[in-house]
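Have a look at the structure below, then the notes.
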Amino acid sequence: MLILGIESSCDETGVALYDTNLDGKNGILADALNSQIKLHAEYGGVVPELASRDHIKFISPLVQQVFADSKKNLNDVDLIAYTTGPGLAGALLVGSTYAESLGIALQKPVLPLHHLEGHLLSPLLSGDLSFPFIALLVSGGHTQIVRVNDVGDYTLLGESIDDAAGEAFDKTAKLLGLEYPGGAKLSKLADNFANKFAENKFKLPRPMLNSGDFNFSFSGLKTAVLNQVNKAKSKILDEQFKQQIAYEFQEAIVEVLCKKVTTAMRQENIQNLVIAGGVGANLRLRREFNDLATKKKFRVLYPPLEFCTDNGVMIAFAAALKFKRFGDTIFKKPGSFDVKPRCSLF
Ligand code: KG4
Ligand code: ZN
């Protein structure tokens with residue numbers, strides 16, 4: 001089966017072609033992406049109207065690109081999978097309208113998918129893992145610990161009660177004067193501090209570390225950073241101060257995520273873990289989980305770095321896994337242009 005995957009929930013237009021006769025990464029026949037990061041940077045966040053317009057501009061050229069790259073053509077496609085939610089309504093509508101219309105024109109089935117299901121299953125691109133496993137989903141919109149019983153069978157164990165981890169990274173980066181989205185830039189600053197200076201000057205809180213559940217709270221961390229910034233004598237923050245803050249902020253987030261995830265694994269008696277979502281690209285987080293995996297003898301899988309943030313491959317791949325488990329019972333006749341900007345996977 002050849003699956004066309006389309007992602008347009010936020011600020012990345014992603015299109016991919018996946019062949020279900022192959023496994024993991026090998027099934028990716030072509031992958032095209034347009035990131036809107038530069039478009040939104042001057043506004044300090046995603047502007048929904050601009051996002052929709054940019055998806056409209058790029059979706060067709062990206063679809064043409066994956067067919068040119070893979071030397072396939074539209075008629076070879078057996079299934080069109082796309083993100084139906086959650087996300088920005090206007091942005092989602094571009095993907096759904098395109099996918100459903102293509103389905104009608106080609107008389108091919110469609111499969112509307114939950115964005116988080118795409119993230120959740122994407123680490124399996126990197127290798128096989130037996131079910132059940134624990135998934136830490138850390139993106140700009142979500143921070144969740146999930147028990148993945150099988151493809152399509154998920155139990156939520158805990159989640160952030162306020163900001164998502166990626167959101168906290170981005171908001172803190174903004175406080176330090178880094179350009180949106182600052183998550184990865186903040187992480188780079190932090191890694192520089194760890195290399196250059198031996199001792200940290202102040203401590204940030206580890207929110208809800210010992211709350212006894214699997215929930216998180218990250219909005220207070222951002223406020224704690226704001227207090228440090230306000231206390232700083234000079235309003236022009238010097239590089240060493242920024243590095244210290246970034247370092248301590250990253251340590252706080254990594255510590256809380258690691259503790260809660262390992263406790264969840266112990267409670268559920270599960271030795272397999274996946275880390276998914278944009279913050280899954282964080283190298284400090286990966287290093288800590290790799291060390292823990294060696295120490296506690298569990299397996300941890302990450303998506304390939306380029307597929308941590310939003311992309312079309314994760315949508316096509318999730319559709320492939322669902323097809324492998326459920327066959328064509330999951331196929332839908334095209335024609336419903338509905339999107340679900342706010343929807344739960346559980
Ligand atoms: O999964 P994603 O592309 O979008 C959502 O579905 O939310 O995640 C984007 C988020 C942003 O908040 C971005 O700053 C964060 O992932 N991010 C990082 C890193 N790379 C991306 N956060 C920390 N360290 C990184 N290296
Ligand atoms: Zn995402």
Side-chain angles (χ1 to χ4, degrees), residues 5-14 33-37 40-41 44-46 48 51 55 82-88 91-92 95 113-123 135-144 146 159-160 162-176 178-194 218-219 221-222 245-247 249-254 256-257 274-289 302-315 317-318 341-343 345:
I6 295 177
E7 155 65 34
S8 72
S9 64
C10 190
D11 58 348
E12 256 108 26
T13 323
L33 186 84
N34 178 62
S35 170
Q36 304 176 357
I37 281 180
H40 300 292
V46 178
H55 286 305
Y82 67 94
T83 304
T84 188
L88 302 168
L92 289 165
L113 279 174
H114 198 287
H115 180 76
L116 295 186
E117 193 165 25
H119 276 305
L120 213 60
L121 298 173
S122 64
L136 171 66
L137 195 68
V138 265
S139 70
H142 295 83
T143 301
Q144 298 179 328
V146 180
E159 65 184 335
S160 176
D162 44 51
D163 291 355
E167 191 181 355
F169 261 97
D170 294 339
K171 286 178 175 171
T172 302
K174 197 170 180 179
L175 289 175
L176 299 185
L178 303 173
E179 198 177 66
Y180 176 87
K185 297 177 193 95
L186 184 90
S187 173
K188 264 211 187 108
L189 257 188
D191 295 343
N192 285 343
F193 174 76
F218 294 121
S219 72
L221 258 182
K222 168 200 65 196
I245 297 231
Y247 174 79
F249 172 84
Q250 182 167 265
E251 290 303 299
I253 296 239
V254 168
V256 178
L257 291 176
V274 308
I275 312 286
V279 185
N282 186 283
L283 297 180
R284 175 74 185 96
L285 185 72
R286 288 186 176 214
R287 207 166 57 234
E288 195 61 28
F289 271 117
Y302 311 90
L305 264 182
E306 67 271 33
F307 302 132
C308 280
T309 45
D310 296 347
N311 62 86
V313 170
M314 69 182 193
I315 298 305
F317 182 59
R342 296 170 69 86
C343 59
L345 183 60

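Index from 1, following the sequence. Whatever order the structure lists them in is the order used to number ligands and atoms, beginning at 1.
In terms of distance to the Zn ion (ligand 2), the nearest N, O or S atom of D310 is named OD1.
T309 and G278 make their closest contact through CG2-CA, 3.8 Å (heavy atoms, listed as atom of the first residue, atom of the second, distance). The two residues G182 and D170 have their closest heavy-atom pair at N-OD1, 3.5 Å.
Environment of NZ in K174: sparse, with no more than 12 heavy atoms of neighbouring residues, nucleotides or ligands closer than 6.0 Å.
No side-chain heavy atom of I315 sits under 4.5 Å from any side-chain heavy atom of I6. A 4.5 Å side-chain heavy-atom check between K222 and L175 finds at least one atom pair inside the cut-off. E12 has its side chain within reach of L33: a pair of non-hydrogen atoms, C-beta onward, lies under 4.5 Å apart.
For atom 2 (P) of ligand 1, the closest heavy atom belonging to the protein is D310 OD1, 3.5 Å. Summary of contacts: the protein heavy atom closest to atom 26 (N) of ligand 1 is N282 CA, 3.6 Å. Among protein heavy atoms, the minimum distance from atom 25 (C) of ligand 1 is reached at A184 CA, 3.7 Å.
Listed by number with element, the atoms of ligand 1 under 4.0 angstrom from any heavy atom of G141 are 7 (O). Set against the non-hydrogen atoms of T309, the atoms of ligand 1 under 4.0 Å away are 3 (O).
For D170, every heavy-atom contact with ligand 1 shorter than 4.0 Å involves the side chain, none the backbone. Residue contacts with ligand 1 for H142 are absent, since no atom lies close enough (heavy atoms, distance under 4.0 Å).
Closest heavy-atom approach to atom 9 (C) of ligand 1 within the set G280, G140, A168: this belongs to G140. For atom 21 (C) of ligand 1, the nearest non-hydrogen atom from the set A190, A276, G278 belongs to G278.
In summary, no N, O or S atom of C10 is located under 2.8 Å from the Zn ion (ligand 2).
Within the 4.0 Å heavy-atom shell around ligand 1 one finds H119. Residue contacts with ligand 1 include H115, since one or more of its heavy atoms lies under 4.0 Å from the ligand.
With respect to D191, the side chain to side chain donor-acceptor pair (under 3.5 Å) criterion is satisfied by exactly one of R287, Q250, R284: Q250.
Atom CG of residue L116 and atom SG of residue C343 lie 8.0 Å apart, to the nearest 0.5 angstrom.
Taking the centre of each ring, F249 and F169 come in below the 6.0 Å mark.
H115 contributes NE2 and H119 contributes NE2; the angle these two atoms make at the Zn ion (ligand 2) is 100°, rounded to 10°.
Residue contacts with ligand 1: G166 is placed with a nitrogen or oxygen under 3.5 Å of a nitrogen or oxygen of the ligand (distance criterion only).
Of the N and O atoms on the side chains of H119 and D310, at least one donor lies less than 3.5 Å from an acceptor on the other residue.
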